[in-house]
Amino acid sequence: MDYNYCEIEPKWQQYWREQKVYQADNNSNKPHFYVLDMFPYPSGAGLHVGHPLGYIASDIYARYKRLKGFNVLHPMGYDAYGLPAEQYAIQTGQHPAITTEQNIKRYREQLDKIGFSFDWDREVRTCDPKYYHWTQWTFIQLFNSYYCTSCQKAKPISRLIEHFAQNGSADLHVACGQELSFTAEEWNAYSEQQKSDVLMNYRLAYLADIPVNWCPELGTVLANDEVVNGLSVRGGYPVERKLMRQWSLRITAYAQRLVDGLEQVDWTDSLKEIQRNWIGRSEGAAVWFPLEKGDHSFEIFTTRPDTIFGVTFMVLCPEHEMISEITTPEQREAVDQYVAWAKNRSERERQAEVKTVSGVFTGAYAVNPLTQERIPIWVSEYVLAGYGTGAIMAVPAHDSRDFAFAKHFNLPIRQVVAPSVEEVSDPATWTESMDAKVGVSVNSGFITGMKVKDAMKAVIAKVGEMGIGHKTVNFRLRDAIFSRQRYWGEPFPIYYKNGVPCAIPEDKLPLELPEIKEFRPTATGEPPLGHATVWAWDEQQGKVVENSKIDNINVFPLELSTMPGFAGSSGYYMRYMDPCNQEAYFSKEAAGYWQNVDLYVGGAEHGTGHLIYARFWNKFLFDLGLSTKEEPFQKLINQGMIQGRSNFVYRSKENNNLFISKNIPGRAEKTVPIHVDINIVDNDVLDIEKFRAWRPEFKDAQFELEDGKYICGWEVEKMSKSMFNVQNPDDLVARYGADTLRLYEMFLGPVEQAKPWDTNGIEGVHRFLKKFWRLYESVKDVPASKAELKILHQTIKKISEDIERFSFNTAVSTFMICVNDLSAAKCSKREILEPLVVLMAPFAPHIAEELWHQMGNQGSVTLASWPLFEEKYLVEDTFSYPVSFNGKMRFTVDLPATADAAMAEKAVMEAPESQKWLAGAKPKKVIFVPKRIINVVV
RNA sequence: GCGGAUAUGGCGUAAUUGGUAGCCGCGCUAGACUUAGGAUCUAGUUCCUCACGGAGUGGGAGUUCGAGUCUCCCUAUCCGCACCA
């Protein structure tokens with residue numbers, strides 16, 4: 001009987017589904033293991049071959065762990081809220097819920113065909129009220145929490161309110177928007193509205209007027225990671241800066257813990273580095289510079305306090321609040337003009353012109369607190385409002401930006417750091433500043449002669465003594481804007497009681513997304529939820545009622561924004577542990593059992609988005625006592641992107657109906673390349689009949705062939721419909737079967753590596769499976785020879801190692817070698833083939849299952865026992881056999897310094913290793929150097 | 001500009017982690033069987049050379065008995081950040 005994948009694959013998929021073979025148990029004595037994939041956004045285009053790459057890798061690992069006796073949690077779900085479905089709704093009027101449902105159905109069909117071992121009973125969808133119940137719940141917890149900086153932990157806001165009532169703002173150690181100062185008496189006298197405003201400064205989810213990334217085309221604000229080069233990631237529309245009242249998450253409170261946590265996880269260095277850069281921790285000093293006139297002073301942040309003697313001017317950002325106050329009458333017009341100009345520039349213009357220097361003098365002066373020098377104060381765009389204090393001390397000699405500014409406006413440059421005290425030069429001759437933190441201070445009063453590091457400490461100590469500064473840490477990370485002016489997202493569980501935002505009671509959750517018919521913003525510019533007619537909160541009844549009932553006594557308006565995409569994806573991995581819990585996000589027992597994700601597989605493109613938000617979310621849940629581990633994802637594998645591999649035909653310039661094969665001499669000049677559908681090309685050979693049928697215009701196409709074939713050109717490009725290079729996994733499953741697809745995707749190369757998709761090698765993998773199948777056609781119950789056992793044992797050993805280090809491509813190669821060897825030996829012995837089929841089960845589960853049952857075994861092979869081999873089939877010390885898989889045996893023998901080749905050979909033959917493994921046979925090759933024999937090839 | 005990664009046959013890749021390159025697969029060459037097939041099997045295939053032999057892991061140096069692997073300097077490609085004081 002032939003290997004009939006069309007029959008066996010659906011059969012076993014059904015069996016697994018019906019027998020619930022992959023159901024994970026929350027109460028088990030087995031060791032636990034949690035394997036997670038980044039759940040997909042169900043887009044209308046369906047899966048392409050890039051998606052399953054990571055899923056197959058994680059599935060192999062999950063199945064391997066099951067064979068190893070672990071209770072494995074391997075769930076899947078959908079990140080179902082998102083812009084594309086809503087944009088589609090705007091264009092067509094089709095409700096996003098319908099589009100999403102259809103897409104999910106399609107995804108599920110595609111996923112099912114590949115034979116994954118997901119526990120579908122645990123499926124979550126972010127748009128399901130039973131799920132977003134807990135997204136909303138978490139939001140309320142964030143809203144009702146503040147961050148205590150002395151114990152580095154989130155705490156209930158009620159504790160802060162008590163503190164205010166007793167002590168006012170004194171002795172606060174909290175993360176906040178700005179430093180406020182009030183007494184207990186003042187607090188107690190505040191109105192509800194005032195108290196609410198003050199608390200917003202401390203809540204972990206807070207409402208504030210902040211400069212946001214506004215995308216007019218999408219009609220919504222975007223988070224920093226959703227904007228690249230001033231354009232939206234989704235759609236590529238321009239984004240502008242705008243001041244808006246938005247919900248934000250105080251993720252900056254967790255910045256230090258987010259940096260520290262990276263030490264505990266097993267991620268690649270490059271991804272950790274991406275996160276460190278995004279968080280952008282930098283140590284330095286805060287220093288107050290007094291103004292020359294009046295008693296005001298302003299704060300600056302610097303990472304180079306040691307250069308304070310080199311300050312020759314100060315710069316404020318155009319948004320700085322002190323500008324209008326300090327600007328002199330003579331300079332007012334110029335300053336106003338500059339500030340207005342800067343304000344009107346789009347983010348994109350600003351970024352495009354980073355190298356251009358612009359700025360204006362305010363006419364005001366500050367005083368250097370250490371030298372008492374008078375320092376002019378300027379305004380310039382190159383100082384950013386969002387970082388540090390929006391004001392800097394400029395040291396043009398040792399900062400390239402300050403240097404460019406000083407050159408442009410002809411401001412003095414003073415060297416204060418040099419390689420040594422003697423090596424001082426004239427900065428007027430410099431072409432660039434000396435930014436490196438090396439050398440010693442010069443021209444710097446009491447720190448002159450000190451090394452940079454010591455000088456920094458000395459200056460910090462000095463300003464500390466003077467009460468005008470201290471050591472501090474700054475982060476580049478900004479709070480995450482959490483509002484989206486969109487419909488298809490989680491509604492905020494918030495209503496506005498006469499302007500005061502209030503959370504709806506937890507026992508009334510979920511607050512379900514209301515139905516609307518029009519998905520655009522309202523005529524008055526409100527978000528789409530402004531169209532909802534039943535979107536008001538009745539406090540008495542504790543439910544949603546018609547808007548018409550709003551009286552601001554009992555019935556209040558609800559929030560019209562919705563949450564962003566990352567809201568639902570920040571905690572889904574915890575929900576999988578206990579997906580049906582109606583009383584809680586997840587039970588403490590479930591979290592206590594599963595702990596955290598042991599292995600997370602997904603793309604590196606989430607390095608600055610999802611992976612930061614999820615870590616923050618989990619740390620918060622940890623502070624609440626819900627999550628048992630502070631870091632959610634212990635080990636992370638980044639699957640490489642699959643690029644497209646486009647094929648081309650070459651159309652003659654003279655004759656539109658003539659196509660010339662790639663390698664015909666002179667072709668390049670005579671033709672133009674045209675993209676051709678990769679599905680009608682096989683190994684770069686064009687199927688001429690299919691090509692003629694592909695499009696009407698090619699109906700009568702003529703060809704100039706080489707060796708009777710039409711050879712296409714190829715190029716690596718993005719996988720996209722317009723280049724006809726999208727490979728749909730379904731087509732390959734239909735043609736070769738899921739097992740072939742699974743093996744081939746792994747065989748393509750290391751999982752982490754980016755690579756173009758091409759099907760040129762898939763035949764070889766398919767052939768291997770057929771060969772594997774043939775081995776089992778006449779299984780005999782006779783004892784295996786030692787040589788055959790050796791093949792098996794080496795394979796077991798190598799496959800185990802390969803899986804443990806996620807080297808699935810070499811694992812597939814190992815199988816091929818094993819099967820080649822067994823075929824050559826005509827080995828059909830049960831003793832060999834039975835364990836081999838179990839070994840194969842993680843990779844090609846369908847064929848393994850079929851053969852397992854054909855051999856008369858019961859139960860699923862994918863739950864058989866891996867140690868079976870190690871105990872039952874282990875002979876001698878095969879697992880410590882010194883011969884590696886490719887036949888080299890290595891051991892070291894000490895030789896006298898005078899040894900020659902003959903003596904070396906003799907020593908090899910006498911070595912215990914040879915006695916044991918060569919059994920008198922001569923080695924093929926002996927490599928030796930004086931004193932030691934190094935390598936013996938047998 | 002800063003940071004991270006990668007570079008091996010015609011192609012995808014492998015190399016016992018410092019042990020004397022190119023496993024496995026594709027493709028290609030020759031052959032066997034054949035109901036002439038997009039089946040199966042056998043042998044060969046890094047490059048140059050009829051051969052003897054020589055060269056060879058992006059380029060250049062270095063450490064070492066020994067380097068694809070370690071160090072330094074270039075070059076190219078990819079990714080991340082980008083006026084972050």
Side-chain angles (χ1 to χ4, degrees), chain A residues 2 228-229 268-278 280-282 284 300-304 307 315 317 350-351 353-357 380-384 386-395 398-402 404-405 432 435 474-478 604-605 607-608 638 640-641 643 645 682-685 687 714 743-744 747-750 752-756 758-765 767-768 770-771 774 798 801 807 809-820 823-824 882-890 892 925 927-937:
Chain A
D2 278 347
V228 172
N229 295 330
T268 61
D269 289 340
S270 73
L271 190 65
K272 285 186 185 179
E273 210 46 47
I274 287 172
Q275 292 226 334
R276 281 193 199 103
N277 287 343
W278 188 259
R281 182 185 197 276
S282 59
I300 59 100
F301 172 73
T302 178
T303 53
R304 292 296 300 274
T307 62
V315 189
C317 66
R350 242 180 41 87
Q351 291 194 1
E353 293 165 30
V354 159
K355 295 282 168 259
T356 10
V357 178
S380 174
E381 272 202 309
Y382 86 88
V383 175
L384 304 177
Y387 186 76
T389 57
I392 61 157
M393 62 175 216
V395 186
H398 305 290
D399 181 284
S400 53
R401 296 149 305 183
D402 298 345
F405 195 83
E432 57 182 6
D435 293 10
N474 243 299
F475 294 94
R476 211 181 62 96
L477 186 74
R478 312 286 165 82
E605 67 271 19
T608 54
N638 287 122
M641 283 257 268
Q643 297 137 299
R645 185 182 186 275
D682 197 13
N683 269 338
D684 293 336
V685 176
D687 186 318
W714 61 272
L743 284 173
Y744 184 59
F747 186 67
L748 217 47
E752 300 91 329
Q753 203 174 319
K755 55 214 159 222
D758 78 77
T759 49
N760 288 350
I762 200 166
E763 296 281 350
V765 172
R767 230 168 265 161
F768 155 72
K770 287 198 271 191
K771 213 173 197 178
R774 255 181 275 128
K798 181 72 168 27
E801 288 166 1
S807 180
N809 55 329
T810 58
V812 177
S813 293
T814 306
F815 276 123
M816 291 182 173
I817 296 167
C818 173
V819 167
N820 282 347
S823 297
V883 178
S884 77
F885 205 78
N886 58 11
K888 288 180 188 172
M889 173 163 74
R890 186 182 139 199
T892 307
K925 197 171 162 189
I927 296 142
F928 81 101
V929 294
K931 291 195 177 172
R932 274 174 306 164
I933 292 168
I934 297 302
N935 214 351
V936 177
V937 182

What's the gap between B:G22 and B:U45 when it is taken at their P atoms, as a whole Å value?
11 Å
So does A:R281 get a backbone contact from the side chain of A:R476, meaning a donor-acceptor N/O pair under 3.5 Å?
no
A:T810/A:S807 under side chain to side chain donor-acceptor pair (under 3.5 Å): CA gap, chis, key distance, verdict
CA-CA 6 Å; A:T810 58; A:S807 180; 2.6 Å; yes
For a quick check, with a 4.0 angstrom heavy-atom cut-off, what is the B/S/- contact string for nucleotides 24-29 of chain B, read 5' to 3'?
BSSSS-
What distance, rounded to whole Å, do you find between the two C1' atoms, one in B:C48 and one in B:G4?
39 Å
Sort out the partner of B:U6 for me: Watson-Crick or G-U wobble, both distances under 3.5 Å, none otherwise.
B:A76
Looking only at non-hydrogen atoms, find the nearest pair between A:G607 and A:Q275 and report the distance.
O-NE2, 2.8 Å
Over all strands shown, is A:R478 touching base, sugar-phosphate only, or nothing at heavy-atom distances under 4.0 angstrom?
base
Taking atom C1' in both B:C65 and B:G1, what distance in whole Å separates the two?
44 Å
Are the charged groups of A:R276 and A:E273 less than 4.0 angstrom apart, N to O?
yes
Other residues, nucleotides and ligands only: do more than 12 of their heavy atoms fall within 6.0 Å of CG on A:D269?
no
Enter syn or anti for the glycosidic conformation of B:G66, syn applying to angles within 90° of 0.
anti
Backbone N/O of A:F768 and side chain of A:K770: donor-acceptor pair under 3.5 Å
no
On RNA chain B, more 5' by nearest nucleotide between A:T608 and A:S270 is A:S270
Answer for the Watson-Crick or wobble partner of B:G25, both distances under 3.5 Å, is B:C11
May I ask you to decide if A:D435's main-chain N or O and A:R304's side chain share a donor-acceptor pair within less than 3.5 Å?
yes
In whole angstroms, the gap separating C1' of B:C79 from CD of A:E752 amounts to 15 Å
Please pick, from B:A14, B:C83, B:A85, the nucleotide with the shortest atom-to-atom distance to any side-chain atom of A:T810.
B:A14
Using OP1 and OP2 only, check whether a side-chain N or O of A:N809 sits under 4.0 Å from B:G12.
no
Among the candidates B:C83, B:C81, B:U40, find the nucleotide nearest to the side-chain atoms of A:R476.
B:C81
Minimum side-chain heavy-atom gap A:I392-A:D402 below 4.5 Å:
yes
Rounded to the Å, how far apart are A:W278 CH2 and B:G4 P?
19 Å
Spacing between A:R304 atom CZ and B:A85 atom C1', to the nearest angstrom
11 Å
Assign A:P750 to base, sugar-phosphate, or nothing according to its heavy-atom contacts below 4.0 angstrom with the strands shown.
sugar-phosphate
Rounded C1' spacing from B:U49 to B:G54 in Å:
9 Å
Proximal nucleotide (of B:A85, B:A39, B:C83) relative to the A:K770 side chain
B:A39
For nucleotides B:G37 and B:G44, find the distance between their P atoms and express it as a whole number of Å.
29 Å
Rounded to whole angstroms, how far apart are CZ on A:R276 and C1' on B:C2?
16 Å
Write down the distance separating the C1' atoms in B:A21 and B:A39, rounded off to the nearest Å.
35 Å
For B:U17, does the O4'-C1'-N9-C4 or O4'-C1'-N1-C2 angle fall within 90° of 0, making it syn, or is it anti?
syn
Can you tell me how far C1' of B:C83 sits from CG of A:L384, to the nearest Å?
6 Å
Nearest-nucleotide check on RNA chain B, A:D269 vs A:S282; residue mapping nearer the 5' end is A:D269
If pairing requires Watson-Crick or G-U wobble contacts with both distances under 3.5 Å, which nucleotide is the partner of B:G1?
B:C81
Contact class for A:I274 (heavy atom, under 4.0 Å): base, sugar-phosphate, or nothing?
sugar-phosphate
How close or far is atom P of B:A85 from atom CG of A:D399, stated in whole angstroms?
9 Å
Just by distance, do the side chain of A:T759 and the backbone of A:I762 share a donor-acceptor pair under 3.5 Å?
no
Please report, rounded to the nearest Å, how far the C1' atom of B:C83 is from the CD atom of A:E432.
17 Å
What is the ring orientation for A:Y387 with A:F301, classed by angle as parallel under 30°, tilted 30 to 60°, or perpendicular over 60°?
perpendicular
Separation of the C1' atoms in B:A32 and B:A67, to the nearest angstrom
44 Å
Return the pairing partner of B:A55 with a 3.5 Å limit on both distances, Watson-Crick or G-U wobble; otherwise return none.
B:U46
note: A:N277, atom CG; B:C79, atom P; distance rounded to Å ~ 17 Å
Measuring only the P atom in each nucleotide, how far is B:A5 from B:G10? A whole number of Å is fine.
29 Å
